[in-house]
2 protein chains.
Amino acid sequence: MRAHGTDGGVAQAVFRRFNALRPLSDEDTAALEHAILEGLLRAGPGEDLITEGDRIDSVRLVLSGWLFRHKTLEDGRRQIVNFILPGETCDSHAYLLSTIDHSITAATPVAYADIKRVRFEQLMAANRTLAEAFMCETLLSSAIQREWVINLGRRAAFERVAHLFCEIFERLRPVGMVDGNSCALPVTQMDLADATGLSVVHLNRTIQELRASGLIVLKDRTLTISDLEALKNAAMYSPNYLQLYRAK
Amino acid sequence: MRAHGTDGGVAQAVFRRFNALRPLSDEDTAALEHAILEGLLRAGPGEDLITEGDRIDSVRLVLSGWLFRHKTLEDGRRQIVNFILPGETCDSHAYLLSTIDHSITAATPVAYADIKRVRFEQLMAANRTLAEAFMCETLLSSAIQREWVINLGRRAAFERVAHLFCEIFERLRPVGMVDGNSCALPVTQMDLADATGLSVVHLNRTIQELRASGLIVLKDRTLTISDLEALKNAAMYSPNYLQLYRAK
DNA sequence: GCTGCCCATTAGCTTATGTTAAAGCGGTCG
DNA sequence: CGACCGCTTTAACATAAGCTAATGGGCAGC
């Protein structure tokens, strides 16, 4: 039947990712899988999973599809502060806070598992490895957030977009969502603009530049990175922050 | 003698902050205070507490002084990704990751407590409230990081600097480090520029503008906010993300 | 097969911010 | 006391990125 996380089970991406954070025993895997299968849900593109100001009472794991976290200023300026990719977690532990400071919206059709707080806390209490893996998930998401700060603060548009593409590729790779040197990029240029702090027009100009320099091909929502090392150089990409942590 | 956290004990700021996150019982307070007093240390301005790539094996609590987290690109461009203010924590739980993705440097003379991992884990295991408070500390720091992303991505220089000043003021307030409508701002304009993603020259221009508009006085490393509400309006400051969380 | 809509693209112009350089302004060290 | 040093401030100029507007392409619905 469903081998734990090794074949096409619905939660394959989650298991791959967690195993990169902390090697999971069969028992860990089974416990997590149980919790996941109890709360399977779906959302369509544009649907909000969480709106700024909401209270949260569960933890969600993305099984497939893309979402993004975003914040909006009074006058409508929007910033995407992160993408949430298959295998990643929305706000583990965030139920500890009174309300959430940002919104989460599906960019594509999404399948996710909703684990209620009580259930989640049982799982954490009963299983040290899983607790550590979820903690790493939270820490890693912070590390990404910090990298976005330097991306927005100190990289020029060309480097910035190049960096985003490198990061997305490297985040999709461990969950098996890349195919050779290509991956899906199922978001509009407006979304990419809001993620990089650029205007749509300038984002488009920048993408044309990236194309012209032969670093990428972007067509039909598929990103192909012709030469990843070259793209990383152009982006001044530092691999450290994304490292998946085998060792304790 | 030293009343727990209410008088001038060295860890006053820490206790004030933790109490805002989770009300601490006398027992909680005593346990935390013990751990703090075992590992008191100091650092001078410019001293690195952690350098990108280090392994971490302890948790540090800032008792007094300012530090900043920063990352630097190959070519020297530097971005301060956050300040660490009195009462705040450097990287609780970060020992779970293999290496750290950024550096932490003292901006002023700093007094801090260094709690070794093993000790910290004992404390967490023995004391649920403290564990939750440390978790909130981590989550709150993520929320701040997200706000910095929108600050850098979508606010213009004037709003951006105004926002930083509002945030710093609101972070210093609960630990008793503001005096009326003034607080210390013990960093150079170069640091502020690196925190806001601006050039020093433009940061200076922006500060002149803020002065000219009567919103702030900045002199001798002291920031005075003439009208906090007006400054918040100018910054499109949204208070939600910093809320200190009484309620579960 | 036309209409409308969303998204990508391009052009022309405006502006915020960066860059370089120089001067002012305390401190402090010798 | 004078020279240096780190920091702030100002000026003049350069440029990356924003804004507005128009066009084009693909796709869905009528």
Side-chain angles (χ1 to χ4, degrees), chain A residues 44-46 66 73 75-80 105 107-108 150-165 184-213 216-223 234-235, chain B residues 44-46 66 68 73 75-80 105 107-108 150-164 184-213 216-223 234-235:
Chain A
W66 285 38
L73 297 180
D75 65 356
R77 279 175 282 175
R78 183 183 73 149
Q79 178 70 37
I80 290 179
T105 302
T108 68
I150 185 168
N151 208 29
L152 290 164
R154 287 301 182 220
R155 271 187 268 251
F158 187 87
E159 306 160 324
R160 204 183 292 179
V161 177
H163 190 278
L164 178 64
F165 289 165
L185 193 77
V187 293
T188 65
Q189 293 194 3
M190 217 185 97
D191 294 331
L192 293 173
D194 283 345
T196 50
L198 300 170
S199 66
V200 195
V201 171
H202 198 61
L203 177 94
N204 182 271
R205 276 196 287 251
T206 306
I207 285 183
Q208 304 301 342
E209 273 186 77
L210 282 161
R211 284 179 177 136
S213 62
I216 66 159
V217 177
L218 178 56
K219 197 168 147 45
D220 298 331
R221 305 269 155 109
T222 298
L223 171 68
Chain B
W66 284 39
F68 47 79
L73 297 180
D75 66 356
R77 279 174 283 175
R78 181 183 74 147
Q79 177 71 37
I80 291 180
T105 302
T108 67
I150 185 167
N151 208 28
L152 291 165
R154 287 299 183 223
R155 269 187 269 251
F158 186 87
E159 305 161 324
R160 206 184 291 178
V161 177
H163 190 277
L164 179 64
L185 194 78
V187 294
T188 66
Q189 293 195 3
M190 218 186 96
D191 294 331
L192 293 173
D194 283 345
T196 50
L198 300 169
S199 65
V200 194
V201 172
H202 198 63
L203 177 93
N204 183 272
R205 278 196 285 250
T206 306
I207 285 184
Q208 304 301 341
E209 272 187 80
L210 281 161
R211 285 177 177 139
S213 62
I216 65 158
V217 178
L218 178 55
K219 197 168 149 44
D220 299 331
R221 306 267 156 111
T222 298
L223 171 68

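If you're wondering where the values come from, they're calculated on a predicted model, not measured in any experiment. Proteins come first, then strands; the chains are lettered A, B, ... in the order of their sequence lines, and each starts at number 1.
- Residues B:F68 and B:D194 have side chains not in contact (no heavy-atom distance under 4.5 Å, counting atoms from C-beta outward).
- In this structure, A:R77 reaches neither bases nor backbone, as no heavy-atom distance under 4.0 Å exists between it and the strands shown.
- A straight line from CG of B:D220 to C1' of C:dC25 spans 12 Å, rounded to a whole angstrom.
- Which of D:dA17, D:dT8, C:dT17 sits closest to the side chain of B:R221 comes down to D:dT8.
- The NE2-P distance, from B:H202 to D:dA17, rounds to 14 Å in whole Å.
- Here C:dT17 is the nucleotide among D:dA17, C:dT17, D:dT8 with the atom lying nearest to any side-chain atom of B:R205.
- One interatomic measurement links the two molecules: CG of A:D194 to P of D:dA17, which rounds to 16 Å at whole-angstrom precision.
- Counting heavy atoms from C-beta on, the side chains of B:E209 and B:V161 never come closer than 4.5 Å.
- B:R211 has a side-chain polar atom (N or O) that falls below the 4.0 Å cut-off from OP1 or OP2 of D:dT9.
- We find that CD of A:Q208 is positioned 7 Å from C1' of C:dT9, with the value rounded to whole Å.
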(request) Run the numbers on A:R221 and A:T188 for side chain to side chain contact (heavy atoms under 4.5 Å, CB included), then give the verdict. (result) CA-CA 8 Å; A:R221 305 269 155 109; A:T188 65; 3.7 Å; yes
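- The nearest whole Å value for the distance from the CG atom in A:L203 to the P atom in C:dC7 is 14 Å.
- Here A:R160 lies out of heavy-atom contact (under 4.0 Å) with every strand.
- Within 4.0 Å (heavy atoms only), A:L198 reaches sugar-phosphate atoms of the nucleic acid but no base atom.
- Between A:L218 and B:V201, the residue anchored nearer the 5' end of DNA chain C, judged by the nucleotide with its closest heavy atom, is A:L218.
- Protein atom CE of A:M190 is 17 Å distant from nucleotide atom P of C:dC5, rounded to whole Å.
- C:dG18 atom C1' lies 18 Å from atom CZ of A:R155, rounded to whole Å.
- Across C:dT17, C:dA8, D:dC7, the shortest atom-to-atom separation from the side chain of B:A157 is found for C:dT17.
- Counting non-hydrogen atoms under 4.0 angstrom, B:S199 reaches a base of the nucleic acid.
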(message) Before you tell me yes or no, could you show the steps for B:R205 and B:H202 under side chain to side chain contact (heavy atoms under 4.5 Å, CB included), namely the whole-Å CA-CA distance, both residues' side-chain angles and the distance that decides it to 0.1 Å?
(response) CA-CA 5 Å; B:R205 278 196 285 250; B:H202 198 63; 3.0 Å; yes
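- As rounded to whole Å, 14 Å separates atom C1' of D:dC7 from atom NZ of B:K219.
- To the nearest 0.5 Å, atoms CG (B:L192) and CG (B:L198) are separated by 10.0 Å.
- Comparing A:N204 and B:F158, the nucleotide of DNA chain C nearest to each residue sits closer to the 5' end for A:N204.
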